Amino acid sequence: MPILPLISLAIQFAPALLGILAGDTAGSAAGKIISTVKEVLGTADPAEAQAKLAADPSLGEALSARLNAQVETLRIEMADVANARAMGLGLVEAKHWTGNMPAIVVLIIIAVHTAMNAAIFLIPGEIPDRMFQLLTAAYGTSSTAFGIAIAYYLGSSRSSVTKDAQIGQALNAAVANGNVVPLRRAA
């Protein structure tokens with residue numbers, strides 16, 4: 001399903017969407033916008049959507065109203081995220097102990113996950129049947145929390161992708177200038 005035509009159609013009815021789609025939350029915003037367009041017009045096909053809008057001008061008005069409401073909702077969500085980031089940064093800069101809470105929570109999660117791994121793999125003997133389900137659920141939860149904790153610090157984000165692209169460009173430039181010799185695989 002082509003989404004770009006639906007996005008350009010939405011921008012015609014709510015030009016303020018362009019600023020939101022150019023920001024860090026473009027992916028999630030685009031999904032919400034497309035859902036709104038599909039909901040109002042009853043189709044995901046861009047040609048059919050255009051035909052419906054041409055046939056019924058009231059659909060254009062309804063779409064414009066819904067998209068403008070969506071713009072306000074997205075702006076509020078983005079302001080909330082920015083406020084949370086600023087608060088966290090302020091706590092770290094003020095050297096308040098709660099500024100370190102993400103790191104403390106991650107260290108606790110890593111310690112619990114490590115302890116569970118040690119218990120499962122190093123303690124000899126069979127696990128009683130009545131404890132097996134509880135331990136399985138606890139281990140699954142621990143593994144999920146561990147993955148989330150690692151993603152919090154090492155996960156990909158838009159800025160991370162941009163940073164990786166910049167590093168790639170710098171490396172390519174260094175190779176082109178002869179400052180770095182690229183590794184070659186053995187044949």
Side-chain angles (χ1 to χ4, degrees), residues 1-109 140-170:
M1 164 186 69
I3 64 168
L4 199 54
L6 289 177
I7 294 292
S8 62
L9 179 77
I11 290 172
Q12 290 174 6
F13 288 92
L17 288 172
L18 194 56
I20 289 173
L21 289 171
D24 286 342
T25 58
S28 65
K32 292 175 184 177
I33 293 164
I34 289 170
S35 295
T36 301
V37 171
K38 287 181 194 176
E39 188 178 316
V40 171
L41 300 179
T43 183
D45 180 37
E48 188 178 341
Q50 289 283 7
K52 284 185 173 187
L53 286 167
D56 186 1
S58 66
L59 274 177
E61 293 171 9
L63 181 61
S64 179
R66 288 283 304 276
L67 288 172
N68 284 318
Q70 188 76 44
V71 166
E72 289 308 310
T73 302
L74 290 169
R75 283 187 180 152
I76 290 168
E77 289 174 3
M78 290 182 341
D80 186 44
V81 169
N83 185 35
R85 288 179 181 159
M87 183 184 74
L89 185 58
L91 289 171
V92 170
E93 288 174 350
K95 300 202 185 310
H96 194 270
W97 70 271
T98 57
N100 295 322
M101 284 310 292
I104 293 168
V105 170
V106 166
L107 289 174
I108 290 170
I109 289 170
T141 303
S142 167
S143 295
T144 302
F146 182 76
I148 291 169
I150 296 302
Y152 179 81
Y153 283 103
L154 303 177
S156 180
S157 65
R158 184 178 187 133
S159 61
S160 178
V161 170
T162 303
K163 175 197 66 163
D164 291 346
Q166 289 173 344
I167 290 172
Q169 289 174 349

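A quick note: this is a predicted structure, and the numbers were derived from the prediction, not measured. These numbers come from the heavy atoms of this one structure, side chains and all, not from hydrogens, waters or symmetry mates.
The CD atom of Q70 sits 4.0 Å away from atom OG1 of T36, with the distance rounded to the nearest 0.5 Å. With values rounded to the nearest 0.5 angstrom, I104 atom CD1 is found 12.0 Å from I109 atom CD1. Here the CG-CG distance, from L63 to D56, works out to 11.5 Å after rounding to the nearest 0.5 Å.
A pairwise comparison of heavy atoms in T43 and D45 identifies OG1-N, 3.1 Å as the closest pair. Closest non-hydrogen pair, V40 versus L59, comes out as O-CD2, 3.7 Å.
N68 places a side-chain N or O within donor-acceptor distance of the main-chain N or O of S64, the cut-off being under 3.5 Å.
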